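Worksheet: the structure to be examined is printed underneath.
Owing to the predicted nature of the structure, the values given are computational and were not obtained by experimental measurement.
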Amino acid sequence: MENSLANGGEPQTLKIEKGRPQDMSGRLAKEQRVYALLGGLGIAYERVDHEPLMTIEACAGVDALLGVNICKNLFLCNAQRTQFYLLLMPGEKKFRTAVLSRQIGSARLSFADEGHMLAFLDITPGSVSVMGLMNDREHRVRLLIDRDVLQTPRFACHPCINTSSLCMDTRDLIEKVLPAMGVGYTVVDL
């Protein structure tokens with residue numbers, strides 16, 4: 001299946017591929033680690049390579065091609081910058097800090113800085129992904145998942161870089177990927 005994406009320039013033809021790229025040259029180590037993890041777990045997934053997509057809105061063409069919306073991934077912290085969170089939520093939902101703060105028992109939440117994002121998850125703004133938790137070997141980031149994400153049969157995210165998007169069964173994410181990374185999660189209702 002093919003689709004086109006206009007991201008501020010010439011339209012780009014997008015194509016769904018199965019699994020990891022055949023040619024890994026030019027792929028960042030963190031992206032290659034994602035493919036190695038998924039391959040090692042025997043997880044079937046689809047992949048679309050594309051221009052950098054910095055926002056949920058920019059992902060619309062990829063979403064349409066994959067038939068699922070890429071999840072909004074927010075890297076957050078408390079006011080003291082002592083607790084860090086990765087929130088997965090549907091892209092169309094509005095993020096309300098007070099609602100989430102009450103549910104997780106944390107004082108005021110804000111977006112965490114790029115330095116912590118890189119240090120903990122080995123990702124940069126625009127590429128935030130649950131797959132980055134594989135790089136958090138000390139488990140400094142707590143995963144929060146909106147209940148609506150868990151109720152969708154398919155899950156889409158970036159492989160730690162915003163020039164590709166992956167789509168897999170949500171069940172595989174929850175039952176195979178997160179346990180393999182040693183990551184638990186807290187369900188929230190936003």
Side-chain angles (χ1 to χ4, degrees), residues 1-3 5 14-54 56 58-59 61-75 85-91 117-146 148-187:
M1 183 179 225
E2 291 187 5
N3 195 359
L5 174 72
L14 303 176
K15 183 179 173 190
I16 294 178
E17 303 285 347
K18 299 283 186 189
R20 61 172 263 168
Q22 289 183 3
D23 180 6
M24 296 291 270
S25 61
R27 304 276 177 164
L28 297 175
K30 59 187 169 186
E31 180 182 4
Q32 292 182 35
R33 287 192 303 269
V34 170
Y35 300 136
L37 173 67
L38 296 176
L41 295 172
I43 294 175
Y45 61 95
E46 297 172 328
R47 186 188 86 258
V48 176
D49 294 328
H50 46 72
E51 295 175 7
L53 302 174
M54 296 300 289
I56 282 294
C59 294
V62 174
D63 290 352
L65 183 62
L66 291 171
V68 63
N69 292 334
I70 292 176
C71 199
K72 188 183 291 186
N73 295 257
L74 304 178
F75 185 54
Y85 307 92
L86 179 61
L87 171 63
L88 307 183
M89 62 185 285
M117 185 184 299
L118 188 59
F120 294 170
L121 304 176
D122 191 19
I123 49 182
T124 55
S127 297
V128 180
S129 169
V130 66
M131 300 309 292
L133 291 171
M134 71 185 295
N135 302 314
D136 182 21
R137 299 190 198 296
E138 296 175 27
H139 303 291
R140 297 166 289 192
V141 180
R142 180 176 166 194
L143 179 60
L144 310 172
I145 305 177
D146 182 86
D148 290 345
V149 171
L150 296 173
Q151 294 174 349
T152 59
R154 304 277 288 154
F155 176 83
C157 66
H158 296 308
C160 296
I161 187 72
N162 63 1
T163 55
S164 290
S165 297
L166 308 178
C167 182
M168 68 185 83
D169 288 342
T170 303
R171 190 173 181 162
D172 283 342
L173 173 71
I174 300 303
E175 295 177 5
K176 295 178 183 176
V177 175
L178 295 180
M181 294 190 294
V183 173
Y185 62 94
T186 301
V187 178

Within the 4.5 Å heavy-atom criterion, are [X] and [Y] side-chain neighbours or not?
X: P90; Y: N69; result: no
X: I174; Y: F155; result: no
X: N73; Y: H158; result: no
X: L38; Y: M131; result: yes
X: C160; Y: N135; result: yes
X: V183; Y: D136; result: no
X: L121; Y: L133; result: yes

Next item on the list: Evaluate side-chain contact (heavy atoms from CB on, under 4.5 Å) for L166 paired with V34, printing each intermediate quantity in order.
Entry: CA-CA 10 Å; L166 308 178; V34 170; 3.9 Å; yes

Margin query: Consider side chain to side chain contact (heavy atoms under 4.5 Å, CB included). Of V141, V128, L86, D122, which one does M117 pass it with?
Written below: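 Among V141, V128, L86, D122, the one meeting side chain to side chain contact (heavy atoms under 4.5 Å, CB included) with M117 is V128.
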
Note to self: More than 12 heavy atoms of other residues, nucleotides or ligands under 6.0 Å from CZ of R171: yes or no?
What the structure shows: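 Not more than 12 within 6.0 Å, no.
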
Checklist line | For the student: nearest non-hydrogen atoms of S164 and P159, plus distance | finding: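 Looking at all heavy atoms of both residues, the closest pair is O-CD, 3.1 Å.
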
Checklist line | C71 to I56 - nearest heavy-atom pair and separation | finding: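 Looking at all heavy atoms of both residues, the closest pair is O-CD1, 3.7 Å.
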
Check: Can you check salt bridge (Lys or Arg N to Asp or Glu O under 4.0 Å) on E46 and R154, steps first, answer last?
Finding: CA-CA 11 Å; E46 297 172 328; R154 304 277 288 154; 3.4 Å; yes

Next item on the list: Would you please classify the geometry between the F120 ring and the F75 ring as parallel, tilted or perpendicular, with 30° and 60° separating the classes?
Entry: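 The rings of F75 and F120 stand perpendicular, inter-plane angle above 60°.
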
Using modelled atom types and a 3.5 Å cut-off, is there a donor and acceptor pairing between side-chain atoms of [X] and backbone atoms of [Y]?
X: T170; Y: T152; answer: yes
X: R142; Y: Y85; answer: no
X: Y45; Y: R20; answer: yes
X: D172; Y: K176; answer: no
X: T186; Y: L144; answer: no

With rounding to the nearest 0.5 Å, note down the distance linking [atom1] in [X] to [atom2] in [Y].
X: S127; Y: M54; atom1: OG; atom2: CE; result: 7.0 Å
X: N162; Y: T124; atom1: CG; atom2: OG1; result: 6.5 Å
X: C167; Y: L66; atom1: SG; atom2: CG; result: 5.0 Å
X: L65; Y: S165; atom1: CG; atom2: OG; result: 9.5 Å
X: E17; Y: R47; atom1: CD; atom2: CZ; result: 5.0 Å
X: E31; Y: M24; atom1: CD; atom2: CE; result: 6.5 Å

Next item on the list: Take R27 and D49 through the salt bridge (Lys or Arg N to Asp or Glu O under 4.0 Å) test and state the conclusion after the steps.
Entry: CA-CA 11 Å; R27 304 276 177 164; D49 294 328; 2.8 Å; yes

